Amino acid sequence: MPLYEETQKQKERNERVQSYVTTEKSLETLRESMEPREELIDEAQMQQDALSLGKKKTFKPNDEQKRRNAEIDRARRQTGIQKATADTFAMHEDIAELKKSGAEAAPEEQLQLLRATQFSQRMLTSANIRAHFAEYMQLVQAYESLQALAKNDIELRERLAPLKENMELFTSRMKAFCSRNRLHLDGSYMEDKEEEESFRLDRKQLLKGNPFGIVPPEDYVPGLRVYTDTEKLKKVMSDASGDGEQALSEEYQRSGRNYALMDAKGRVESIPGMRGDLILLARDIEKLEEENKKAHDPEISRQLVELRKEKIELMACLRLAEAEARVILATDADQAKKRRLVADAKDAYADYSYILVRHAKQKLPLTSYAAKAGFMDRGKALSSASDKQNYAFKQAVYKEAIKLNAPGLEEVKQLAIEYAESSHYSVGHEVESALLQRLRLAIREQVKRGNGDAVANLSLKLAQLDGPANAPALPAWKDIPKALQIDCSGKKLKEKGSVHDKGAVRNWFLTNDASQVWDDRSGEPLFAHEPTVNDLRQGKISNCYMLAATTALIDLDPQMIKRVIRDNGDDTVTVRLYGETGPQFIRVDKKTARLRSGGSIATDGPLWMQLIEIAAAHVGMFKKDRQGFGSLWYGTGGEWFSMLTGCSAAMTVKTTAADDRDVISGDVKDADGLFERIRDAHVNQEVFHMGTKASATKGMNSGHAYTVLGAKEVDGKKYVTLRNPYANMAYRKDEYGDEEMSSGYTSSVADETCGQFDMPLEEFIRNAASISYTTIPKDMFPGGESKEALEKTAAAMEAEKVRSAAAVSSLIDAMEDDDLDDDPVLETEVKKGSEAADDTVFMTEEELKKEFGTEGDK
């Protein structure tokens, strides 16, 4: 099936390929791991350029549309151009600034800039052009400048030749994009009287010459038909296979040849060179790996990543060239065989193109406009304090692993290195957990053999995952007062009480015995790595508030979450949650629920969060009328944060009035004060919570909780950094300034930034139904509650039960003596008292009615 007919779901799954371009794998493994490539050009979007840009929205415009309409009016007044857009001035200024800063750039520097650019099909889409406009215009200006110089410089003209096809197409696309905004490529305004240039980027034009590695027509591989010199081709293949590795490596010294810019003929003729380069690359990688074992240097690790990427690209290109050669040489083959060879070549071409696109996308810089538009690159999203802490832990494990050189420790060493170099971003939570489990079993085996001293340091490092450093974990189950224990082990999770009408049907499906499966997770570690802010991804139930608040706790201090859950070592875990009377310790089996059709019912991520959710479901989130997964539906981040940490209730600083006005109150006076409070939240030991309005803007999920990760100022404009618990669907703006999401509801994987984005402060406030914060005392979690403190809490609970029982007893006596019918105050007190009492000892409300009155009596 041609790629342009792929479904939206297939395209969105392509993001999962990210991990495979940053690790060294054989090409076959890489191919097996590949998801279908995404559609290369968003033709519909480009065809809408002329229709969308420059038009004002007048049918009930929202605040953002009104603002852009005003910008369009201003642009038209100042330029005298009736088709000017809201982006016209910004683009004009970008071009002027580039011309000014690049006026003295040397031709060699400009040439190197073009040669170093890995052109990708994504660079042709409207959204990417707007997001990276300054960088793309820099390429166009460099090419035009070099073209002018090349008229009188034969050598420069020859050096520009390989770039010509790509740059001409790219320039024409940029020219069309500028014309939609009424600009020439030099930044001058386009007059209305000028005829607007038509530009239709159809498939035939895109596929002509196959620029950017765009997928070929379905019936053949591009470029093969023009290569007919089969005798020369036979000699190339013979030379490539007959000279031997030593001869190849001596003849072809690695010189950074850009095979990506070659056509089929150039690739096929370069087969010996590619093989020689691969040999040299492998040697360079092996040498750096040896250096890295001696000193685990981040710079060496970075170089290794780049060399491995280069090797992956080269292997894919070599496979493509050889596949193309086999098609050309199969002139006398039967049609069935030739069709198979052509299909192999098409697959090889698509794989090579996709690898180049992924690598190119990683190299694209982020413009100031992109920051303003709410874009965030993957590097920033994966560099939180929690990520750095996890990276430091993995580095420590690696350093201990490479010291294991004694005989018999080879398996432990190999497993430790494999685990240390793994990342849940690339291998997933389950794979990483399995690696850690295998490593721990291997260490235990060595201890049995008497090698405990040799693996002691490594074992101590891994033990860091089980609890906070230098602090005891939760108390053992036997040390917890019985009054605080809720033992749910061995019990089936039951659904009780009503669920919000929006989730009733879905909750029934998720919790139906026929649709769910409970997996035994005994022996699996609770923490496969140090907790990070991107661990959690919301599953099938609507508990976004739980994930948003838990992620905020991790962002403040990843170690705090380890004081919430304890592995008892008997296939059960203890989870501590806080209720109205203090801490409650819930014991649950080490089992998690999933759908028979696949996918986690609750959180899709680490085991510890799934078990915390199950513990909360068993006790009904301390809601008396609910129990089971249904009790987790809908809530507030502040409420859950208090249950998770025991901190006081959240302080609300922003609410939405009945007339949809934004009201900032409490100890925060205005928007600037709110910005400063969020920016300094970690210093003040505060965690913010945010829930969106039911009428949130298009780029945000309505009625949804987001994690507030901080605030910053960029070019004088204030932004708040947020994370969507879905780990995708990040907020951003397209080139027209309209809000959009980074992915859709059908996406089943995390996106580039795991749902993180920067949002302008005023839009953050406008979209929030409520904003609150919880303050964590600096002496919170000194190492878990002491046994004395727990016993004191338990005694207080017993005293409260006695007091409640006495209150109910006195009320019953009063009802026997007096005629107290139709007393609403008494009715409320009886109800409260009976609910507070132990049902096994005291009468329920129904029993009270039956004993002391008729139906309807109080």
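Quick caveat: nothing in here was measured; it's all calculated off a predicted structure.
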> Taking Thr721 for the side chain and Leu709 for the main chain, is one N or O donor matched with an acceptor at less than 3.5 Å?
Replying inline: no
Residues Tyr189, His92; criterion side-chain contact (heavy atoms from CB on, under 4.5 Å); working and verdict: CA-CA 8 Å; Tyr189 299 122; His92 168 78; 3.5 Å; yes
For Met759 and Asn767, the nearest pair of non-hydrogen atoms, with its separation, is CE-ND2, 3.4 Å
Tightest non-hydrogen contact, residues Ile765 and Ala671, listed as CD1-CB, 3.6 Å
Sidechain N-carboxylate O distance under 4.0 Å for Lys698, Glu740:
no
### Message
For Ala694, is there any backbone N or O sitting under 3.5 Å from a side-chain donor or acceptor partner on Ser702?
### Response
yes
- prompt: Any donor and acceptor pair, going by atom type alone, linking the side chain of Thr692 with main-chain N or O of Asn701 inside 3.5 Å?
  reply: yes
Tightest non-hydrogen contact, residues Leu547 and Arg537, listed as CD2-C, 3.6 Å
Residues Gln756 and Asn534: side-chain donor-acceptor under 3.5 angstrom:
yes
dist Phe757:CZ -> Thr753:OG1 (nearest 0.5 Å) comes out at 9.0 Å
To the nearest 0.5 Å, atom CD of Glu676 lies from atom CG of Leu674 at 10.0 Å
Checking Leu98, Asp87, Asp94 against Phe133 for side-chain contact (heavy atoms from CB on, under 4.5 Å), the one that qualifies is Asp94
May I have the step-by-step check of salt bridge (Lys or Arg N to Asp or Glu O under 4.0 Å) for Glu762 and Lys717, ending in yes or no?
-> CA-CA 10 Å; Glu762 62 274 14; Lys717 190 171 179 61; 2.8 Å; yes
Note: Ile664 and Val668 closest approach over all heavy atoms is CG2-O, 3.4 Å
### Task
Apply the test side-chain contact (heavy atoms from CB on, under 4.5 Å) to residues Tyr545 and Thr636: give CA-CA distance (whole Å), side-chain angles for both, the deciding distance (0.1 Å), then the verdict.
CA-CA 5 Å; Tyr545 65 99; Thr636 66; 5.6 Å; no
Practice item. Report the C-alpha distance between Lys175 and Leu185 in whole Å, list the side-chain angles of each, state the deciding distance to 0.1 Å, and finish with yes or no for side-chain contact (heavy atoms from CB on, under 4.5 Å). Key: CA-CA 6 Å; Lys175 186 176 182 181; Leu185 284 181; 4.2 Å; yes
Exercise. Using a strict cut-off of less than 4.0 Å between a Lys/Arg side-chain nitrogen and an Asp/Glu carboxylate oxygen, indicate whether Arg173 and Glu168 qualify as a salt bridge.
Key: no
request  = State whether Lys712 and Asp758 are salt-bridged, where the test is any N-O pair (Lys NZ or Arg NE/NH1/NH2 against Asp/Glu carboxylate O) under 4.0 Å.
outcome  = yes
CZ of Phe170 to OH of Tyr136, rounded to nearest 0.5 Å, is 6.0 Å
Determine whether the side chains of Lys654 and Thr656 contain a donor N or O and an acceptor N or O closer than 3.5 Å.
yes
When rounded to the nearest 0.5 Å, the distance separating SG of Cys544 from OH of Tyr726 is 6.5 Å
Quick one: does any side-chain atom of Arg157 pair with a main-chain N or O of Ala150 as donor and acceptor, under 3.5 Å?
yes
In terms of heavy-atom contacts, Val708 and Ile678 come closest through CG1-CG2, 3.7 Å
How far apart are the C-alpha atoms of Gln538 and His704, what are their side-chain angles, what is the distance that settles it, and do they pass the side-chain contact (heavy atoms from CB on, under 4.5 Å) test?
-> CA-CA 11 Å; Gln538 188 176 344; His704 191 52; 3.4 Å; yes
Looking only at heavy atoms, the pair that brings Ala84 and Ala75 closest together is CB-CB, 4.0 Å
| Between Tyr706 and Arg723, is any side-chain donor less than 3.5 angstrom from a side-chain acceptor? | no
| query | Between Asp186 and Ser188, is any side-chain donor less than 3.5 angstrom from a side-chain acceptor? | reply | yes
How far apart are the C-alpha atoms of Thr88 and Asn181, what are their side-chain angles, what is the distance that settles it, and do they pass the side-chain hydrogen bond (donor to acceptor under 3.5 Å, both in side chains) test?
-> CA-CA 6 Å; Thr88 299; Asn181 289 276; 4.8 Å; no
Separation between CZ (Arg182) and CZ (Arg76), nearest 0.5 Å, reads 10.5 Å
Between Lys718 and Asp672, does at least one N-O distance fall below 4.0 Å, as a salt bridge requires? yes
Taken to the nearest 0.5 Å, the spacing of Leu156 CG from Gln110 CD works out to 9.5 Å
inquiry  = Any side-chain to backbone donor/acceptor pair from Asn724 onto Ala727? Under 3.5 Å, distance only.
reply    = no
